[in-house]
Structure formats: structure tokens, C-alpha cells
Amino acid sequence: MKENIGHLITIEFTDRKETISGFIIDYSERWILLKLNPCDFLIDGYSIVKNKNIKSFIRTEREEFAEKIIRLKGLLSNFEHKIPLDNLSTILEYLTTNFGVFQVATKRESACYLGKLVTIDNEELIITFLNTRGKWSDEISFNPKKIRLIEFDTDYINSLKLIGDLEN
């Protein structure tokens, strides 16, 4: 993993069809922090990926070429935050304090949930939900063991956060 820090990779999962691509910024035994490359030669936010169910790390000519263009475009900046990748609780507390809103996803690829942390323990994660219209609504809960991906500081999240902040 250490040799991939700063490089564009694509992650394949054993139990998900979708892959995720990004520049590895940091990692721990359980989590990987990526600067997201959602498609082509774009950079948009960050993802923290749980190491569970990773099938492979791909670095082919496609990733090398995209990385070269992204670097030439000057889209990579130094990441100023040192996110504690120890456990889910410290990650979400840090993101709520420093970014305000994050998005979590489980194994199910068709749904993701935006919000900010209310509480977390071994049995339950509770967030205040930010809906697709930028409205803060009810609290929703998850089994924290089911969280697979956490995204933050993307254009989509920041856009909805702007609306949510205006109306509160």
C-alpha cells in the first residue's frame, strides 16, 4: 500500500459491481483515504474506503495516463487535514467538526445517506439526514459495521450543504 501513496488507483470489491478510483492519501489497517477521481480527468472530493471486501488494487495504463493529465492540469493539492483513520467513530467525529457533512454508503450500491453525526457506538450510528433538496430532516440510524464508504467535500455534498446552511 505504501508504494501507492500519491498515485491513482482503482479499487475493485468482491461484493460490489462499482469500482472507485482515486489518489491514495493515507491508509490504516481498516481504512483508505482517497482523493476521488470519479471519471476521466476530474477530481471531486474525498472518499474513505473500508478495507473489507477489497478484491484488488488496479494500476494500469489507464490510471497512469489519467494521473499524468490530472497532474498536468494542476488538480492535485496538498491535503491539509490529518484524518484519524483509527475507527469509524473518530473518522465521523472529525468529518462533522471539520467538514460539516459527509455521505455514508453500505454494501447496497443504490443508496447513500448525507448528514452529520449525532451519536455513534458499537451498535448504532445516528446522523441528522440532509436530503436531496438540501433540507435537514429526521435522524436516521445504521449499524456502524455496515458502513463501507464515506465521502466528503465533493461538489454534490457541498452544494446541498450550502442550501441546508441557508435554510437553518
Indicate yes or no: at least one non-hydrogen side-chain atom of [X] is less than 4.5 angstrom from one of [Y].
X	Y	answer
Ile140	Ile127	yes
Phe57	Ile11	yes
Tyr94	Phe152	no
Ile32	Ile54	yes
Tyr46	Leu36	no
Gln103	Tyr156	yes
Ile83	Leu95	yes
Glu18	Phe13	no

[X] and [Y]: which non-hydrogen atoms are nearest, and at how many Å?
X	Y	value
Pro84	Ile91	O-CG1, 3.2 Å
Thr90	Asn87	N-OD1, 2.9 Å
Ile147	Trp31	O-CH2, 4.2 Å
Arg62	Ser21	NH2-OG, 4.4 Å
Leu160	Asn131	CD1-O, 3.8 Å

> Can you list every salt bridge (Lys or Arg N to Asp or Glu O under 4.0 Å) pair that touches residues 137-155, not counting sequence neighbours?
Replying inline: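 Residue pairs with at least one partner in residues 137-155: Asp15-Arg148.
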Grouping I, L, V, M, F, W and Y whenever their side-chain heavy atoms are under 4.5 Å apart, do [X] and [Y] come out in a common cluster?
X	Y	result
Ile43	Ile157	no
Val118	Leu130	no
Leu75	Ile24	no
Leu85	Ile120	yes
Leu76	Leu33	no

Are the side chain of [X] and the backbone of [Y] linked by a donor-acceptor contact shorter than 3.5 Å?
X	Y	value
Asn4	His7	no
Thr96	Glu93	no
Ser56	Ile58	no
Asp40	Leu42	no
Asn51	Glu29	yes

>> What verdict does the side-chain hydrogen bond (donor to acceptor under 3.5 Å, both in side chains) test give for Glu63 and Thr10, after you've listed the backbone C-alpha separation in whole Å, the side-chain angles of each residue and the deciding distance to 0.1 Å?
In response: CA-CA 7 Å; Glu63 285 81 14; Thr10 297; 2.6 Å; yes
Atom [atom1] in [X], atom [atom2] in [Y]: separation rounded to 0.5 Å?
X	Y	atom1	atom2	value
Glu123	Asn143	CD	CG	7.0 Å
Leu88	Ile150	CG	CD1	5.0 Å
Ile126	Thr119	CD1	OG1	3.5 Å
Asn37	Cys39	CG	SG	7.5 Å
Phe99	Thr154	CZ	OG1	11.5 Å
Ser89	Asp121	OG	CG	9.0 Å

> Between Tyr113 and Phe142, does the ring centre distance come in under 6.0 Å?
Replying inline: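 Here the rings of Phe142 and Tyr113 have centres that are less than 6.0 Å from each other.
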> Can you tell which of Leu8, Ile48, Ile9 makes a side chain to side chain contact (heavy atoms under 4.5 Å, CB included) with Leu34?
Replying inline: Ile9
Would you say [X] has more than 12 foreign heavy atoms packed within less than 6.0 Å of its [atom1]?
X	atom1	answer
Lys73	NZ	yes
Arg30	CZ	no
Asn122	CG	no
Phe41	CZ	yes

> For Asn53 and Thr14, what are the C-alpha separation, side-chain angles and deciding distance, and is it a side-chain hydrogen bond (donor to acceptor under 3.5 Å, both in side chains)?
Replying inline: CA-CA 5 Å; Asn53 299 93; Thr14 59; 3.3 Å; yes
>> Any salt bridge linking Glu64 with Lys68? Criterion: basic side-chain nitrogen under 4.0 Å from a carboxylate oxygen.
In response: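 Answer for the salt bridge query: no.
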> So, is the end of the Lys116 side chain (NZ or CZ) under 6.0 Å from the ring centre of Trp136 and within 45° of the ring's axis?
Replying inline: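 Ring-cation test returns yes.
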>> As a quick check of understanding, evaluate side-chain contact (heavy atoms from CB on, under 4.5 Å) for Leu149 and Ile20, giving each step before the final call.
In response: CA-CA 10 Å; Leu149 298 168; Ile20 187 167; 4.3 Å; yes
